[in-house]
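See structure below.
Hydrogens, waters and symmetry mates play no part in the numbers below; they use all other heavy atoms, side chains included. Bear in mind that the values here come from a model prediction, so they are computed numbers and not experimental data.
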Amino acid sequence: MTRVTGSKRTFLDVTDEETIEFINIVKDIAGNEEYQKLKNFTHHIGNTRYQHCLNVAWYSYLWAKHAGLNYRSAARGAMLHDFFLYDYHIKGQQPIPGRHAEVHPMVALSNAQKYFEVDDIMYDCIINHMYPITSVSPATKEGRIVSLADKYCASLELGLTGYRRISPLVERTIRAFSD
């Protein structure tokens, strides 16, 4: 993938210092053989789950960096937030019973910990990214950024129809984090 959905920047611009820094932060994840399997799963209509995670990681990186937060952990946590290797549309593939929104963060965290070192911020970003659909709010500012970036990217990926469907959730997320 050379471009993030909604961004004018490209990962081929070797003069863009932020792009190079971002690539260096996530390249071990993006290149991992198991992680590469995310390219085989459709996510938000015309995207792969790999592209979605890259999108969320890019915006999380930028927003956390410009806020003076731990942008490295935010980007890595965002890359891993949907690291589950099953099609949730097909009944019986989910390895843990329950609602997909509540289950997949646990599966993603398990996979992340199996293949990568996961710090406390990354843990929070992965396990709590579905807030406010789930009841547990991220404990870190980086986790809040990843949760918001996830909804933002989903709306970009789904287009106008998706935006109309997801925008109330984005607004609810912003309000929840403002409290």
Side-chain angles (χ1 to χ4, degrees), residues 1 4-5 22 25-61 63-64 69-158 162 166 169-170 173 176-177:
M1 301 296 147
V4 170
T5 304
F22 173 76
I25 289 169
V26 301
K27 68 183 176 187
D28 65 313
I29 297 171
N32 178 277
E33 189 176 328
E34 279 301 297
Y35 192 84
Q36 286 281 314
K37 292 178 183 178
L38 294 180
K39 291 179 177 179
N40 299 321
F41 295 96
T42 301
H43 203 68
H44 301 150
I45 304 175
N47 290 286
T48 65
R49 193 167 306 136
Y50 178 94
Q51 178 69 50
H52 170 71
C53 289
L54 185 67
N55 294 342
V56 175
W58 174 249
Y59 288 108
S60 296
Y61 160 79
W63 297 347
L69 301 173
N70 186 335
Y71 57 89
R72 183 181 190 284
S73 291
R76 292 179 66 79
M79 276 296 279
L80 296 166
H81 84 281
D82 277 344
F83 185 21
F84 59 95
L85 300 169
Y86 61 88
D87 186 342
Y88 59 92
H89 298 103
I90 301 174
K91 189 175 174 89
Q93 284 200 359
Q94 190 169 287
I96 303 170
R99 286 181 50 224
H100 171 71
E102 295 170 349
V103 168
H104 84 269
M106 291 183 279
V107 176
L109 179 62
S110 176
N111 287 335
Q113 291 173 323
K114 183 175 180 181
Y115 295 100
F116 306 101
E117 188 174 319
V118 175
D119 65 27
D120 292 343
I121 291 173
M122 292 168 62
Y123 180 100
D124 185 52
C125 292
I126 298 165
I127 203 72
N128 294 317
H129 77 272
M130 288 303 293
Y131 182 79
I133 293 172
T134 56
S135 60
V136 180
S137 174
T140 64
K141 290 179 181 178
E142 294 86 351
R144 290 175 175 210
I145 285 174
V146 170
S147 181
L148 186 57
D150 184 39
K151 279 77 173 168
Y152 175 73
C153 290
S155 69
L156 289 176
E157 294 158 8
L158 290 166
I166 291 182
L169 179 59
V170 172
T173 304
F177 292 150

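- Taking 4.5 Å as the limit, some side-chain heavy atom of H52 sits within range of a side-chain heavy atom of V56.
- Within 6.0 Å of atom CG in D28, more than 12 heavy atoms from other residues, nucleotides or ligands are found, so the atom counts as buried in its surroundings.
- Screening F116, Y115, Y50 for a ring-ring contact (aromatic ring centres under 6.0 Å, His included) with Y35, the sole residue that qualifies is Y50.
- Using a 4.5 Å cut-off on side-chain heavy atoms (C-beta onward), R144 and Y131 make no contact.
- The closest side-chain heavy-atom distance from M130 to D150 is below 4.5 Å.
- Residues N128 and T134 fail the side-chain proximity criterion, which asks for heavy atoms closer than 4.5 Å.
- Listed here is the closest heavy atom pair of D87 and F41: N-CE2, 3.7 Å.
- Atoms CD1 and CZ, on I29 and F83 in that order, are 9.0 Å from each other to the nearest 0.5 Å.
- Here OG1 of T48 is found 9.0 Å from CD of E157. Values are rounded to the nearest 0.5 Å.
- To the nearest 0.5 Å, atom CZ of residue R76 and atom CD1 of residue I25 are 8.5 Å apart.
- Of all non-hydrogen atoms in M79 and L54, the two that sit nearest each other are SD-CA, 3.8 Å.
- Summarising the geometry, atom CG belonging to L156 is positioned 7.5 Å from atom CG belonging to N55; distances are rounded to the nearest 0.5 Å.
- Taking the ring centroids of Y59 and Y152, they lie under the 6.0 Å cut-off.
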Residues N47, T42; criterion side-chain contact (heavy atoms from CB on, under 4.5 Å); working and verdict: CA-CA 6 Å; N47 290 286; T42 301; over 6 Å; no
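- R49 places a side-chain N or O within donor-acceptor distance of the main-chain N or O of F84, the cut-off being under 3.5 Å.
- If you check the side chains of K151 and S147, you find a donor sitting under 3.5 Å from an acceptor.
- Taking the ring pair (Phe, Tyr, Trp, His ring centres under 6.0 Å) definition, one finds that Y71 meets it with Y61, sequence neighbours left out.
- Scanning all heavy atoms of the two residues, the minimum distance from S60 to A78 falls at OG-CB, 3.7 Å.
- Using bins of under 30°, 30° to 60° and over 60° for the plane-to-plane angle, the ring pair F22/W58 lands in the perpendicular bin.
- Contact detail for I127 and P105: the closest heavy-atom pair is O-CB, 3.6 Å.
- Atoms OG1 and CD1, on T140 and I121 in that order, are 6.0 Å from each other to the nearest 0.5 Å.
- Using a 3.5 Å distance cut-off with no hydrogens or angles, the side chains of E34 and N111 do not pair a donor with an acceptor.
- Using a 4.5 Å cut-off on side-chain heavy atoms (C-beta onward), L38 and D82 make no contact.
- To the nearest 0.5 Å, atoms OG (S137) and CG (D124) are separated by 8.0 Å.
- A pairwise comparison of heavy atoms in A112 and L80 identifies CB-CD1, 3.8 Å as the closest pair.
- Under the 30°/60° scheme for interplanar angles, the aromatic rings of H129 and H81 are found to stand perpendicular.
- Nearest heavy atoms, M122 versus D119: N-OD1, 2.7 Å.
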